[in-house]
Amino acid sequence: MNIYVLLKKTFDTEEKINVSNGEIEDDGAEFIINPYDEYAVEEAINQRDAHGGEVTVVTVGDEDSEKQLRTALAMGADKAVLINTEDDLEEGDAFTTAKILEAYFEDKEADLILGGNVAIDEASGQVGPRLAEYLGIPYVTTITDLKIEGENVTIEKDVEGDVEIVETSLPLLVTCQQGLNEPRYPSLPGIMKAKKKPLEELEIDDLDLDEDDVAAKTKTIDIFLPPEKEAGRVLEGDASEQVQELVSILKNDEKVL
Amino acid sequence: MDFNFSEDIEFLRQNVRKFVREEVEAVAMEIEEKNEIPQKIVEQSKEMGLFSLGIPEEYGGLGLDMVGKCAIYEELGKTHNGYTTLIGAHTGIGSVGIVELGTDAQKEKYLPKMASGEWIGSFALTEPSAGSNAANMKTTAEKKGDKYIINGSKHYITNAVDGHVFTVMAVTDPSKGAKGITSFIVEKDFPGFILGNVEDKMGLRGSHSAELFFEDMEVPAENVLGEEGRGYVNALKILANGRAGLAARNLGSSKRLLEHCLDYASEREQFGQPIIEMQAIQHMLAEISKEIAALEALTYKVAWMTDQGQRVVKDAAIAKLYGSEVYNKVADLAVQIHGGIGYMRDYPIERYYRDARITKIYEGTSEIQKNIIANELKREMK
Ligand SMILES: Cc1cc2nc3c(=O)[nH]c(=O)nc-3n(C[C@H](O)[C@H](O)[C@H](O)COP(=O)(O)OP(=O)(O)OC[C@H]3O[C@@H](n4cnc5c(N)ncnc54)[C@H](O)[C@@H]3O)c2cc1C
Ligand SMILES: Cc1cc2nc3c(=O)[nH]c(=O)nc-3n(C[C@H](O)[C@H](O)[C@H](O)COP(=O)(O)OP(=O)(O)OC[C@H]3O[C@@H](n4cnc5c(N)ncnc54)[C@H](O)[C@@H]3O)c2cc1C
C-alpha cells in the first residue's frame, strides 16, 4: 500500500509564545510535529505493518522542518519529502498548502493519505479536505478508528463526542483525531537509522508551480494572545444566598441569562 | 576545541528529554509513594532503546561512545533518580564488564538480551566485610571439573531484584589476596542463587538493593569473565568506567533542580515581590549555576578523554567526587530557596535532597575517590 502522511511543523503551545506586530516570534519558540499529525504518522506505520507497503511523510515548510521529518522517520516512516517554500512564498494559507500538495500528488498513486484533524497553530482544519477535493478522492475527518480490508474501509469518526461509523473505499484521505492511537516515542536506534533514510527536498518550481498559482486567498490581519486569566470570585453565605448571587451575576454582569 | 554535540547525539538527547518530561516526570511521585517503577515506563524505556546505550551495535545496542552516553545520562538524571539508577546500573556497571572483557560467545549469549532490556544487568562486589576494601571479600569460587562452585554472600546490590545477569567477584585463590579474585557471569537461575533481604533505603525509591546468597552455586567455567585472578582489577576497571556517567547523572539532577528553583522563585512572593528579586536568592541561584557550569565542563572533558583512549583514572575520580559534591550542595540550596515547601513530601525537592546523598557513597566513597586521585598524583610525579 502507498501510504502518505501530511505533516506540519508547529510551535509548541505548551511552551511560552511571544507575539509582536501581529506575528508569532520564531526566536525562542520550540517547534514540534503538530500533535494531530503524530496520530497520522503512528496510524500510517501501523497500517503499513499490517498491510505492507511504504510510508512517505510530506511537509510543506522551510529548512527547519527537516527536524520534524527526521522525527517521523525515526518513528518508523520510510521516506520523507520536504517541499521548501522558504525562498518562494512570503505568506500562505490553507489554499496555498493544498494547491502545492495537489501538484505533488499529481503523479503519485496514493492509496491512503493521512493528516491531522487540525493544526494547533492556525487551526483551519482545511488542508486535508481541500486536497481530497482536488484529487477527487473521498475523505473522512476526525477519525478515531481505521480498518482496511482489501479496498474496503471502515472508519469510526468522532462527531463532537459521539461516534459515527463510515464505510468507504481506497484511495482515501483521512484526518486523525485524538483517541485514534497512542503515538510512539522514536526509539534511539530508530533515530540513528533515520538519517540514512531518504529525504527529498523540492521547491514549488519542481512541481511546475509559480508564486501566483498558489497565492494565499486569505490574509491574517492580527494575532494576539488570549487575555490573562483573572482571579476567580468566591461566593459567600449559605447555599441559597450563593445561588441568588450567582444568578444575579450571570444575568447582570456576564449577561448570559 | 569543539563543545558541540554531534547532530545525532543532539537529536537523541532531545528525544530522551521529551520522553523524560512527558512520561517519567508524570509518574515520579507515584514511584516515590509505591517504591516501584510502573511497568509501563520500564517497557517504554526498553522500546526506546534506553537499556542498550553502551552495548555495541553488532549486539543490538546503540554503541554510543562515552560523550554520547553521558549526554543521555544527563537527560535521565533530570527525573526520579530511582528510575535513573535502574537504567544506569544496567547500562553501566551491570553490563560494561561483559562489553569490555567478555568473550565472543559470552557477548553473543548475553548482550542482545541485555540491549533489549529482557535481561537486566547487575554488579555484585560489595560484601559485609568488603566495602571500600573490596579485596577483603569472603565469597569463594572453587573449581570442580568444568564448573566453579561459589559460596558466600553479597549485599547492597542494585538491580538484584529485577536482575537476570550478575557480574560477581569471588576468591578463587585465597593465598594470593587481591590477585586471587576472579569475576564471573552469574545468571539468577543458576541453582544455589538466592535473593536475600531487600534494603529499605533513605532514597532511590523504586530502585532495589538487596542481599544475595550463593549456596554451592554452580557456574560453568565458560562464565569466567576475563582472566582468572584478574577479578579485582576488572572490578576497579568497571567502576572507573561508570564514573563519568554518574557525574553526568548528577549534572542532570542539578540542572533539573535549578529549573525548579527558577520557577518557584519567580512565582513565590514575600515582602511584596517575587523572591527572585531578593539578592540572597539571586546569590543562591548564581552559586548553583556556577557549580553546574563547572561540573558540565568537567564531565564532558572526562567523557571526551575516555573516547580518545586517554588514561582517565584521576579525572574520572575527580568527576565522580565533584559531581556528588555539586549535586548535594545544589539540593541543599534548592531546599533553602523553596523554604518550607522544600521540606515537604508532596513536592519533589526533598526527594532530590535524599537521593543526592548516595552519590557520595556508592561506586566508591568520596574518601576512596580522594585516595585514587592522590595515588595518581604520586604516580604522575615518578
Ligand atoms: C544504595 C546502594 C547501592 C549500592 N549498589 C551496589 C552495587 O550495585 N554493587 C556493589 O557491589 N555494591 C553496591 N553498593 C555498595 C557500595 O559500593 C558500598 O556501600 C561502598 O563502597 C562503601 O562500602 P561500605 O558501605 O562497606 O562502607 P565502608 O567501606 O565501611 O566505609 C565506611 C567509611 O569509612 C571510609 N573509609 C573506608 N576505607 C577508607 C580508606 N581507606 N580511607 C579513607 N576512608 C575510608 C569510607 O569512605 C566511609 O566513609 C551499594 C550501596 C548502596 C548504599
Ligand atoms: C517542618 C516544619 C515545621 C514548621 N512548624 C511551624 C510552626 O510550628 N509554626 C509556624 O508558625 N510555622 C511553622 N513552620 C513554617 C516555617 O517557619 C516557614 O516554613 C519558614 O518561616 C519559611 O517560610 P516559607 O516556607 O513560607 O518560605 P518563604 O518565606 O517563602 O522563603 C522562601 C525563600 O525565600 C527566602 N526569603 C524570603 N524572604 C526573604 C528576604 N526578605 N530576604 C532574603 N531572603 C528571603 C527564604 O529565606 C527562603 O530561602 C514550619 C515549617 C516546617 C517545614
In chain order, what residues pass the ring-ring contact (aromatic ring centres under 6.0 Å, His included) check against F31(A), with sequence neighbours excluded?
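F31(A): no ring-ring contact (aromatic ring centres under 6.0 Å, His included) contacts found.
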What part of E7(B) is in contact with chain A, defined as an atom under 4.5 angstrom from a non-hydrogen atom: side chain, backbone, both or neither?
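For E7(B), no heavy atom lies under 4.5 Å from chain A.
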Part of Q14(B) lying under 4.5 Å from any heavy atom of chain A:
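It is the side chain, since no backbone atom gets that close.
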By number, which residues in residues 53-81 of chain A have some heavy atom less than 4.5 Å away from chain B?
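Within residues 53-81 of chain A, the residues that come under 4.5 Å of chain B (heavy atoms only) are K67(A), R70(A), T71(A).
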Within a reach of under 6.0 Å around [atom1] of [X], are more than 12 heavy atoms found that belong to other residues, nucleotides or ligands?
X: Q308(B); atom1: CD; value: yes
X: K108(A); atom1: NZ; value: yes
X: E43(B); atom1: CD; value: yes
X: D205(A); atom1: CG; value: no
X: E182(A); atom1: CD; value: no

Taking the side chain as every heavy atom from C-beta outward, state whether D8(B) and I191(A) have any pair of such atoms under 4.5 Å apart.
no
Mind checking whether K195(A) and F11(B) have side chains closer than 4.5 Å, heavy atoms only?
no
What pairs meet the salt bridge (Lys or Arg N to Asp or Glu O under 4.0 Å) rule with one or both residues in residues 247-270 of chain B, with sequence neighbours excluded?
R21(B)-E259(B), E25(B)-R256(B), E74(B)-K255(B), K255(B)-E296(B), R256(B)-E259(B)
Applying side chain to side chain donor-acceptor pair (under 3.5 Å), name anything that partners D37(A), two or more places apart in sequence or on another chain.
N34(A)
Tell me, out of Q44(B), E23(B), E47(B), who's got the most heavy-atom pairs with chain A below 4.5 Å.
E23(B)
Using a strict cut-off of less than 4.0 Å between a Lys/Arg side-chain nitrogen and an Asp/Glu carboxylate oxygen, indicate whether E38(A) and K18(B) qualify as a salt bridge.
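Between K18(B) and E38(A) there is a salt bridge, with a charged N closer than 4.0 Å to a carboxylate O.
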